[in-house]
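See structure below.
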Amino acid sequence: MHITVTEIEKSYATVSAVCGVSFTINTGEIFALLGPNGAGKSSIIRMLVGMTRPDRGTIVVTHQQAHYDHVPRRYLGYLPEDRGLYPDKSVEKNLLYLAQLHGLSKAQAQQEMDHWLAIFELTERRKEDLKQLSKGNQQKVQLIAAVIHKPALVILDEPFSGLDPINQEKVVEFLKTLRAKGMTVILSAHQMAMVEKLADRMLLMAKGQVVLAGTLMDIKQQAQPKPVVVIETQQAITAVQLATLLPDYTVSLQSEHRFSVALPTTAMLSTCLQTLLNEFTVQSVSMQNPDLHQLYLTAMSAHQQEEIA
Amino acid sequence: MISRQSLIVAKWEFLRFFKWKQQLISYVIMLGIMGAIFTWQYLVDESRDEYRIAVPAHFTIENTAQFQFQRPSVSIDEQLNQLMSSETWHAVVTEEDASIVVHTAAGKKWQQLLEQVLEQYFRQQYGLAQGLTPEQLLRLSEPVSLEMRFLDEDYKGDDRPEKGIALAVLFMLLIGLTTAFGQLLMSITGEKQQRVTEQLYAIVTPQQWIDGKVLGHSLSAMKAMFTTSLVMFVGILIAVLFLSDKPLPWHLINWGVIAWLVPFALLGILLCACFMAAIAASIDDPNTSGKGAVMMITWLPLLFTYLVIDSPTGWGMTVLSWLPITSFAAMPVRLAMVELAWWQPLLSLLLLVAMLYWMRRVAGRIFLRGMQMYGKEPSWADIMRWAMSRKTE
């Protein structure tokens with residue numbers, strides 16, 4: 001399933017939720033929508049699902065040579081941000097109901113349910129009412145409900161929210177499994193470390209606008225973060241000493257013998273080291289690669305400064 | 001045509017509140033309560049007992065099946081002592097001046113019957129004293145024969161068993177609507193509060209969803225009507241078989257009326273359920289919303305019909321039986337009490353089907369938007385605008 005979104009806009013009363021956003025999603029990739037609360041991620045998802053329509057712009061969904069203005073229900077697996085199932089019904093009844101609504105026969109639904117419950121280690125708890133499960137396990141049941149019918153496209157709005165680190169890792173593996181099965185996945189999330197492991201491409205948004213877009217490499221190039229070096233010294237060093245020695249650099253003390261320095265340019269590294277070597281014995285110097293979290297913060301900060309300007 | 005998805009939703013909704021063990025227990029309790037009422041009535045029925053009544057020696061009153069009139073030779077004071085100290089007498093009758101006094105230990109229901117017997121005896125005595133013949137006395141004691149004759153040949157009469165059937169129809173419809181009201185309100189507002197809405201919107205269309213809901217809960221309402229009728233019938237059957245010597249009242253069942261009742265009741269419940277589902281979708285919190293009361297508008301056709309049940313050929317009942325929003329209640333009642341040409345209920349039924357189709361579409365439009373609103377409720381103006389719009393997706 002291929003999706004092309006061109007210059008879409010969406011407003012609610014006086015709030016402009018999405019302003020001229022464009023992107024494409026290719027078949028079989030994991031595409032991440034990133035951004036703070038109110039960035040417009042859920043609004044885009046709702047337009048893709050067909051719950052709302054864009055005020056301007058177009059969405060073209062292409063699947064098996066047919067074109068649609070939103071993802072047709074029969075090809076869609078959806079985990080909404082505002083989600084819930086029937087707490088007074090068992091895990092099994094909830095899943096079979098939704099699977100049959102998706103068009104599966106009872107036998108097919110049973111087979112798929114058994115498969116996914118085993119993967120999420122919930123087979124033993126299938127007869128229990130949903131309300132008896134922990135929040136994390138309920139979230140797993142909802143993830144199963146979104147994919148039980150083997151959709152061509154899965155949209156997951158905040159799939160990691162409410163999960164502990166172990167279960168977050170399980171969801172990462174689950175999403176990789178979906179990609180391996182050929183499904184296209186769109187997800188929105190705040191957990192940058194998880195997205196960095198998973199997403200083939202991503203879209204960073206703020207206040208309804210695109211801030212950065214592309215692969216992780218593309219984003220690194222676009223964000224142009226300051227180079228960061230990590231330096232270890234033989235002698236113990238204090239924050240006051242660092243501030244006195246390197247007043248023109250952004251310095252962060254990590255331990256008594258270790259600190260990081262954000263350089264305005266790579267060429268400034270030699271000047272920085274010469275100043276340090278006059279006072280301390282430097283044991284090691286290493287360049288630090290900025291992770292998605294840092295890129296995200298840098299990009300958001302730059303976007304805010306642009307807006308103020 | 002109804003889609004496969006709607007049928008799956010209907011099955012889910014039907015079974016959602018259907019807990020057969022609890023249902024069975026509640027029916028056993030209902031039967032038990034009915035049994036207890038009949039048994040208690042039987043046990044406290046004083047009309048089957050015999051009572052000994054002391055009367056003055058010159059009284060010529062004859063014994064009845066219940067009352068043994070005896071003329072003791074002892075004094076009145078002694079009779080009253082016997083009345084209080086033993087079970088020799090249940091009552092002592094004396095004459096004081098121009099009136100008759102009945103002495104008993106305490107007031108009981110059988111004494112009303114004794115009063116009637118004594119009253120009849122003294123009327124007869126006063127008649128004889130006036131020189132009336134036995135024939136004249138008999139004529140006076142007989143009730144006045146007053147017969148109502150209706151010139152409209154289609155009117156079956158208001159004391160016929162059909163009126164009982166008509167009342168039963170209204171009662172059963174009330175049970176059905178109450179069931180649908182409670183279940184739809186719980187089901188729809190519950191789904192909104194449990195945040196199931198968006199997930200289901202991504203699977204089924206709002207029209208498929210509301211169709212399934214309305215069908216499921218209407219079937220549930222029909223089931224409640226059927227089972228309540230059955231339990232009441234079984235209760236009456238047991239009471240008649242074991243506690244009464246009367247024959248079973250099979251003649252009260254009018255199969256022709258029942259054959260019409262079923263489609264009218266089903267379509268009427270579906271119509272009301274569509275309206276109730278649309279209103280319930282616009283409710284955010286059932287504990288604080290005032291819109292829940294609006295769902296009770298669906299009970300008005302029953303009330304209006306009940307108010308004109310004694311004039312089944314009047315203009316009120318005629319209008320109600322043709323109006324598609326009230327015909328589900330009025331037409332079966334009218335059918336039970338008035339002979340109608342076959343095309344009349346049929347045409348009324350077709351109008352009801354058309355109304356149901358329109359209401360289904362309107363409810364679908366309101367449902368589409370109402371279910372997407374969290375945290376605040378739409379105004380009545382919003383609801384009216386949605387109802388009149390053409391958007392169903």
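In what follows, chains carry the letters A, B, and so on, assigned in the order in which the sequence lines appear, proteins first and then strands, with residues in each chain numbered from 1.
Top candidate by heavy-atom pairs under 4.5 Å with chain B, chosen from A:Asp88, A:Ile155, A:Leu85, A:Val49, is A:Leu85. When each of B:Val9, B:Ile203, B:Ile8 is checked for heavy-atom pairs under 4.5 Å with chain A, B:Ile203 comes out on top. Chain B forms more heavy-atom pairs under 4.5 Å with one residue of A:His149, A:Lys93, A:Arg74, A:Gln142 than with any other, namely A:Lys93.
The number of heavy atoms from other shown groups lying within 6.0 Å of NZ (A:Lys135) does not exceed 12. For B:Met384, the CE atom sits in a loose shell: 12 or fewer heavy atoms of surrounding residues, nucleotides or ligands are nearer than 6.0 Å. Summarising the local packing, CZ of B:Phe171 is surrounded by 12 or fewer heavy atoms from other residues, nucleotides or ligands at distances under 6.0 Å. Under a cut-off of 6.0 angstrom, the local environment of CD in A:Gln132 is crowded, with over 12 non-hydrogen atoms contributed by other residues, nucleotides or ligands. No more than 12 heavy atoms of other residues, nucleotides or ligands lie within 6.0 Å of OH in B:Tyr357, so this atom counts as exposed by the packing criterion. Within a 6.0 Å sphere centred on CZ of B:Phe226, heavy atoms belonging to other residues, nucleotides or ligands number 12 at most. Heavy atoms from other residues, nucleotides or ligands lying under 6.0 Å from CE of B:Met30 number more than 12. Within 6.0 Å of atom CD in A:Glu124, 12 or fewer heavy atoms from other residues, nucleotides or ligands are found, so the atom counts as exposed in its surroundings.
Annotation: side chain of B:Gln208 is not in contact with side chain of A:Leu101 (no heavy-atom distance under 4.5 Å). Side-chain contact between A:Gln100 and B:Trp12 is absent, with no heavy-atom pair separated by less than 4.5 Å. Annotation: side chain of A:Glu81 is not in contact with side chain of B:Glu198 (no heavy-atom distance under 4.5 Å).
With rounding to the nearest 0.5 Å, the separation of OH in A:Tyr97 from NZ in B:Lys11 is 11.5 Å. One finds the CG atom of B:Leu15 at 7.0 Å from the NZ atom of A:Lys89 (value rounded to the nearest 0.5 Å).
Across A:Arg73 and B:Pro206, no two heavy atoms sit closer than the pair NH2-CD, 4.0 Å. Shortest non-hydrogen contact noted between B:Arg4 and A:Leu104 is NH2-O, 3.2 Å.
The contact between B:Leu200 and chain A is made entirely by side chain atoms (from C-beta outward), counting heavy-atom distances below 4.5 Å.
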